[in-house]
Visitor: 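Before we start, here is the structure in question, set down as structure tokens.
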Amino acid sequence: MASSPPVITRFAPSPTGHLHVGGARTALFCWAFAKRHGGHFLLRIEDTDAARSSDESAKGIMEDLAWLGIHWDEGPELKTKDAVVGGDPRKVGPFFQARRLEIYNAHIMRLVEQGKAYPAFEDEATLAAEKKAAEQAKRNYRYSRASLEKVPDIKDRIRIIERGEPHVIRFFSPHEEVAFTDEVLGDVKIAPGEIDDFIIRRRDGFPMYNFAVVVDDHAMGITHVMRAQEHLSNTPRQLALYRAFGFAPPSFGHMPLIFNMDGTKMSKRDKAKTARKALKDALAKEKKQAADVAPAMKVDAKELADFIAAENDSLAVAEAIARHYKVALPEIEVADFRDAGYTPQAINNFLALLGWNPGMKLPDGKDLEKFDTAFLAQHFSIDRIGKTNSKFDRAKLLSFNADALGAMSDEQFAQQWFAWCEDNEPALAAKARQWDAASPASGQRWLWLAKAIKPRAKTFRDGVKACGFVLLDSVTIAPEVAAKHLDADSSQGRGLLREYRQRLALLPAFEPKPIHDVIEQLAKDKGFANPGPIAQAVRVAVAGVPVTPGIGETLAVLGRDEAFRRMDAASA
RNA sequence: GGCCCCUUCGUCUAGCCUGGUCCAGGACACAUCCCUUUCACGGAUGCGACGCGGGUUCGAAUCCCGCAGGGGUCACCA
């Protein structure tokens, strides 16, 4: 181990949006591999497409990674609550590609001087026409090298570049066979001539992906490149570049892709699709036009009409529709899952299992599939990455999340749930504050509530749904519900409710256990087999619905005054 | 279409390299039952897969070949 070179892995997202779950998995594996080998995990921002990149996205991605606990040893710095992530201990930065232009240009000139790259002058329209012609003739398109022949002399080429005549730089592909052993897929071979003279620097002076990656991976000493399989076909091009530079290439590993359950690509557009369908259905049902509902949604009518016509996939519009019609948009990005009340632990665990498996058994013979990032840092291995694409099964993630919540202590859950509520359910957080201004997340009543909710919640948001009775200003009881649980003629319903309330009034401490004991005792005194009839009447009285956590917790959380107020109102 | 990659329950997968212990194991989902004051939690049971066809072998999910199917990629995006 000591003799082998240090492992440096990297995650190199392009900052064009939030961190996608697929990206998160890539980052997690790169991180785990580096940790497993005592190396460094580096973060590089690939923002060479100025039109699509944004600093906000870069920041968002960094925050998402940090939230997941995937901390980079090298890369842009990000201040989190408890630490600063990133840094440049080996002085290989900057880590934003847009700030590395001089480096790329120097490398470009090096290739040009050696005749391994050359300027080309065709405009995009010309190229597009050539491509179209090739397609129609059922030929594979290859760049003609017309510009290469036009300026055969290297010195002339350099002169042209230095003069700043409009041009792109193309790589002079040697048309050799490229073969490599992919750490995941095994041997991959590409025939000579498959790689044509691809563009390595654009007209605007920015490098193209394949070129910048090679220059940076080499400059930053990356030893292992792990990325999604969609990059597999880029690898031969990059290898050709390594060869042209005389750089030793890193080893490559390409991971299988993640799809939706229906086999489609997981993309942000899924949100627009879902929203569009919901809107169309609603409009059809209400017999309305887009223009009728646009004002209520605070959306421009024209934009909304376009959205319906699928002429745009505006996220803002999709979110407005979701708010208006209370439909849930599918979670695609890490931030979506965070907001929906998932924990980083569950996400990491689930994502790791999508394509990787520790291959270990529990003592009872079952597969080991619950683990944390510390486990990954210790046991992750590239050779246990699968080769097959997988589908993102939300139901299983949900189950993992439920387990992650369940594995927390009541106090932990109370604390984290409160923190989540502060960002996502202010009304409930406010309630906790009202109960205990000094320590809302660990106040007695919040703790009671949290304990009651924990087994009933698969996500933090679920938990909020399960305690609707807490936020109620006044209880409304649907007639059918009242008929079933309160008006029951069999000397039950309201009569039992009143009796129970009377006994409760005698209680010195209004807490879950004694409240529970009283209902048990009353049931016994009544000769009931179980407290069901009483409990249901109480539930309906205080919550309006026959479903709540245990009666003891429910009433205790409400507090004596509020509980009695509601019971009295219902039994009148 | 060219090139490249992949193929075990509905889904994630173990097993495959080092053929027999696999009439294929686990998890999620689903179903039934138990527990139970409702809803959950929990427990038990069940349902359910080696893509197809050849070959090698005493024996193949495991090795070889072919086919079929799926995916990725073919940008002055990354």
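Note that these values count all heavy atoms, side chains included, but never hydrogens, waters or copies made by symmetry. None of the values given here were measured: they were computed from a predicted structure. Chain letters run A, B, ... following the sequence lines, proteins first and then strands; every chain starts at 1.
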Visitor: Just checking A:Lys465: base, sugar-phosphate only, or nothing, at a heavy-atom cut-off of under 4.0 Å?
Guide: nothing
Visitor: What interatomic distance, in whole Å, is found between P of B:rC6 and the corresponding atom of B:rG51?
Guide: 15 Å
Visitor: Taking atom CD as the centre, does A:Glu135 end up with more than 12 heavy-atom neighbours from other residues, nucleotides or ligands that are less than 6.0 angstrom away?
Guide: no
Visitor: Considering Watson-Crick and G-U wobble pairs with both distances under 3.5 Å, what does B:rA60 pair with?
Guide: none
Visitor: Which is true for A:Leu257 with a 4.0 Å heavy-atom rule: it touches a base, it touches only sugar-phosphate, or it touches nothing?
Guide: sugar-phosphate
Visitor: With sugar-phosphate meaning primed atoms plus P, OP1 and OP2, does A:Thr388 contact a base, only sugar-phosphate, or nothing at under 4.0 Å between heavy atoms?
Guide: sugar-phosphate
Visitor: Is B:rC41 syn or is it anti, if syn means the base angle is within 90 degrees of 0?
Guide: syn
Visitor: Mind checking if A:Pro549 touches a base, just sugar-phosphate, or nothing, with heavy atoms under 4.0 Å?
Guide: base
Visitor: Does A:Lys458 reach a base, just sugar-phosphate, or nothing at all? Heavy atoms under 4.0 Å.
Guide: sugar-phosphate
Visitor: Considering every strand and a 4.0 Å limit on heavy-atom distances, what is the contact class for A:Gln136: base, sugar-phosphate, or nothing?
Guide: nothing
Visitor: Can you classify the ring geometry of A:Phe172 versus A:Tyr118 as parallel (below 30°), tilted (30 to 60°) or perpendicular (above 60°)?
Guide: perpendicular
Visitor: Just checking A:Arg142: base, sugar-phosphate only, or nothing, at a heavy-atom cut-off of under 4.0 Å?
Guide: nothing
Visitor: Please determine which of A:Trp420, A:Phe400, A:Phe392, A:Phe350 meets the ring pair (Phe, Tyr, Trp, His ring centres under 6.0 Å) test together with A:Phe337.
Guide: A:Phe392
Visitor: If the C1' atom of B:rG55 is compared with that of B:rA60, how far apart are they to the nearest Å?
Guide: 12 Å
Visitor: For A:His20, look at atom NE2 and say whether over 12 heavy atoms of other residues, nucleotides or ligands are found less than 6.0 Å away.
Guide: yes
Visitor: Under 4.0 Å, heavy atoms only, any strand: does A:Gly263 hit a base, just the sugar-phosphate, or nothing?
Guide: nothing
Visitor: Contact class for A:Lys131 vs. all strands (heavy atom < 4.0 Å): base, sugar-phosphate, or nothing?
Guide: sugar-phosphate
Visitor: 5'-most contact on RNA chain B: A:Phe350 or A:Leu232, nearest heavy atom basis?
Guide: A:Leu232
Visitor: At 4.0 Å (heavy atoms only), tell me whether A:Lys138 reaches a base, stays on the sugar-phosphate, or touches nothing.
Guide: nothing
Visitor: When you compare B:rC35 with B:rU62, how far apart are their P atoms, in angstrom units rounded to a whole number?
Guide: 46 Å
Visitor: Using the P atom as the point on both nucleotides, what is the distance between B:rU57 and B:rC74, in whole Å?
Guide: 46 Å
Visitor: For the ring pair A:Phe29 and A:His224, is the centre-to-centre distance below 6.0 Å?
Guide: no
Visitor: Under 3.5 Å for both donor-acceptor distances, Watson-Crick or wobble: does B:rU37 have a partner, and if so which one?
Guide: none
Visitor: Between B:rG59 and B:rU8, how far apart are the two P atoms, rounded to whole Å?
Guide: 26 Å
Visitor: For B:rU21, what is the paired nucleotide under Watson-Crick or G-U wobble rules, both distances under 3.5 Å?
Guide: none
Visitor: Name the residue closer to the 5' end of RNA chain B, choosing between A:Arg201 and A:Leu354 according to the nucleotide with the nearest heavy atom.
Guide: A:Leu354
Visitor: May I ask you to say what A:His516 touches in the nucleic acid, namely base, sugar-phosphate or nothing, with a heavy-atom cut-off under 4.0 Å?
Guide: base
Visitor: What integer number of Å spans the P atoms of B:rU18 and B:rC65?
Guide: 15 Å
Visitor: When all nucleic acid strands are considered with a 4.0 Å heavy-atom cut-off, which category describes A:Asn234: base, sugar-phosphate, or nothing?
Guide: base
Visitor: Counting the atoms with a prime plus P, OP1 and OP2 as sugar-phosphate, which does A:Thr16 contact under 4.0 Å by heavy atoms, base, sugar-phosphate, or nothing?
Guide: nothing
Visitor: Looking for any heavy atom pair under 4.0 Å, which part of the strands does A:Asp182 touch: base, sugar-phosphate only, or nothing?
Guide: nothing
Visitor: The test is side chain to side chain donor-acceptor pair (under 3.5 Å); show your working for A:Arg203 and A:His167 and say whether it passes.
Guide: CA-CA 5 Å; A:Arg203 195 165 297 252; A:His167 68 277; over 6 Å; no
Visitor: For B:rC67, which nucleotide in any strand shown is its Watson-Crick or wobble partner with both distances under 3.5 Å?
Guide: B:rG51
Visitor: Between B:rG46 and B:rA29, how far is it from one C1' atom to the other, in whole Å?
Guide: 14 Å
Visitor: Quick check on the 6.0 Å ring-centre criterion: do A:Phe380 and A:Trp356 meet it?
Guide: yes
Visitor: Anything under 4.0 Å to a heavy atom of chain A counts; send over the first and last such nucleotide of RNA chain B, read 5' to 3'.
Guide: B:rG1 to B:rA78
Visitor: Quick one: do A:Tyr104 and A:Asp216 satisfy side chain to side chain donor-acceptor pair (under 3.5 Å)? Show the steps, please.
Guide: CA-CA 9 Å; A:Tyr104 304 128; A:Asp216 286 344; 2.5 Å; yes
Visitor: Watson-Crick or G-U wobble partner for B:rC76, using a 3.5 Å limit on both distances?
Guide: none
Visitor: On a whole-Å scale, what distance lies between the C1' atoms belonging to B:rU11 and B:rU56?
Guide: 35 Å
Visitor: Classify the angle between the aromatic ring planes of A:Phe375 and A:Phe371 as parallel (below 30°), tilted (30 to 60°) or perpendicular (above 60°).
Guide: parallel
